[in-house]
Amino acid sequence: MNPDGTLNDNALNVWNDLRIVIEFKDGKPKMIGCWEATTNPGKYYTYNPLNTKGAAIIAFGQYTAWQVGTHGQACPHEALVQTGGSVTVHRDANRSGSRDKGNSIDSGSFGINQHWGGDNPKSDIGRWSAGCQVGRTKQGHREFMAIIKSDLRYKTNHSFTFTSTIIDGKDLLAQFPAS
């Protein structure tokens, strides 16, 4: 989905997903942050997967799996790291870059982190995602981390495990049509 709420073609190697933070006040959802992102690996890891079964593409659903920690070795930075639970992924054996019906399904702890994408152009994920949930810009990621770390549950327990929902834009629009 695009930042304006329209659907896109989910092309391979393009920052064409959204990272959104929603806060609930008095039982009502309010969007308090929105950034360009990807939930799919880039072209490099689609064609050169780290796992012999294929690159990981997180399956749609809700997962409680991430804690504040550090991602990366070459450029370590604060991120949500998969240390709090398992996730389910499609293994892209046919290297299509999408969640195909023929993909095998794998569940576990795979290091599917939520980190920054190094300010790459919108048209090139590069090597920034091998299956992680990645925000395109460093500044957007810093804003994302500041918002989630302001959560009272995290402030009272720095081992708090965050929940994320991965949802297809078509399903989101079916539930909440654009007005």
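Just so it is clear, the model here is predicted, and its values are computed rather than measured.
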Option from His115, Lys149, His141 for which side-chain hydrogen bond (donor to acceptor under 3.5 Å, both in side chains) with Glu78 holds = Lys149
query = What are the two closest heavy atoms between Ser98 and Asn103, and how far apart are they?
reply = O-ND2, 3.0 Å
Least distance between heavy atoms, Pro41 atom then Ile57 atom = CD-CG1, 3.6 Å
ask   = Does any non-hydrogen side-chain atom of Arg99 lie less than 4.5 Å from one of Phe60?
value = yes
inquiry  = Is any side-chain heavy atom of Thr64 closer than 4.5 Å to one of Phe162?
reply    = no
query = Are the side chains of Thr6 and Met1 in touch, meaning some heavy atoms are under 4.5 Å apart?
reply = no
note = One should read off an interatomic distance between Leu7 CG and Leu173 CG, to the nearest 0.5 angstrom, of 5.0 Å
request  = Could you check if a side-chain atom of Phe110 sits within less than 4.5 angstrom of a side-chain atom of Val87, using non-hydrogen atoms only?
outcome  = yes
ask   = Side chain of Asn13, backbone of Asp124: donor and acceptor closer than 3.5 Å?
value = no
ask   = Would you find more than 12 non-hydrogen atoms of other residues, nucleotides or ligands less than 6.0 Å from Lys170 atom NZ?
value = no
Heavy-atom check, side chain of Asp119 versus side chain of Arg136, under 4.5 Å = no
key: Donor-acceptor pair between Asn2 and Asn16 side chains, under 3.5 angstrom   = no
For Pro49 against Ala55, the heavy-atom pair lying closest together = CB-N, 3.3 Å
ask   = Does a side-chain N-to-carboxylate-O contact under 4.0 Å join Arg153 and Asp151?
value = yes
query = Which heavy atom in Phe24 sits nearest to a heavy atom in Pro29, and how many Å separate them?
reply = CE2-CB, 3.6 Å
ask   = Is the charged tip of Arg95 near the ring of Tyr47: under 6.0 Å from the six-membered ring centre and within 45° of its axis?
value = no
key: Closest non-hydrogen atom pair, Leu80 against Met145   = N-SD, 4.1 Å
key: Path from Val68 to Trp35 over hydrophobic side-chain contacts below 4.5 Å   = yes
ask   = Heavy atoms, side chains only, cut-off 4.5 Å: are Lys30 and Lys25 in contact?
value = no
inquiry  = Run the side chain to side chain donor-acceptor pair (under 3.5 Å) test on Asn113 and Trp66 for me, step by step, so that the C-alpha distance in whole Å, both residues' side-chain angles and the decisive distance to 0.1 Å come before the verdict.
reply    = CA-CA 7 Å; Asn113 297 339; Trp66 295 276; 5.2 Å; no
query = Does Ser104 offer a backbone N or O that forms a donor-acceptor pair with the side chain of Arg91 under 3.5 Å?
reply = no
message = Side chains of Thr163 and Gln62: any donor to acceptor distance under 3.5 Å?
response = no
message = Quick check: do Gln73 and Pro76 have side-chain heavy atoms less than 4.5 Å from each other?
response = no
request  = Determine whether the side chains of Thr38 and Ser129 contain a donor N or O and an acceptor N or O closer than 3.5 Å.
outcome  = no
message = Side chains of Thr39 and Gln133 only: does a donor on one sit below 3.5 Å from an acceptor on the other?
response = no
ask   = Sub-3.5 Å donor-acceptor pair from the side chain of Asn8 to the main-chain atoms of Asn10, do we have one?
value = yes
ask   = Is the His71 to His77 ring centre distance short of 6.0 Å?
value = yes
ask   = Does Lys138 count as lying over the ring of Trp116, i.e. NZ or CZ under 6.0 Å from the six-ring centre, within 45 degrees of the axis?
value = yes
ask   = If you group Ile, Leu, Val, Met, Phe, Trp and Tyr by side-chain heavy-atom gaps below 4.5 Å, do Trp128 and Tyr44 land in one group?
value = no
Inter-residue atom distance Cys34.SG - Asp4.CG, 0.5 Å rounding = 10.0 Å
ask   = In Å and rounded to the nearest 0.5 Å, what is the CD to CD1 distance from Gln114 to Ile58?
value = 7.5 Å
inquiry  = Do Tyr45 and Leu50 have side chains that approach each other closer than 4.5 Å (heavy atoms only, starting at C-beta)?
reply    = yes
query = What about Phe176 and Ile167, same hydrophobic cluster or not, with Ile/Leu/Val/Met/Phe/Trp/Tyr joined at side-chain heavy-atom distances under 4.5 Å?
reply = yes
message = If I compare all heavy atoms of Ser109 with all of Gly85, which pair ends up nearest, and what's the gap?
response = OG-O, 3.8 Å
query = Does atom CG of Asp26 have more than 12 heavy-atom neighbours from other groups under 6.0 Å away?
reply = no
ask   = To the nearest 0.5 Å, what is the distance between CD (Gln82) and CD1 (Ile112)?
value = 6.0 Å
ask   = Checking Trp15 side chain against Pro121 main chain: does a donor-acceptor pair fall under 3.5 Å?
value = yes
Donor-acceptor pair, side chain of Asn94 and main chain of Ser96, under 3.5 angstrom = yes
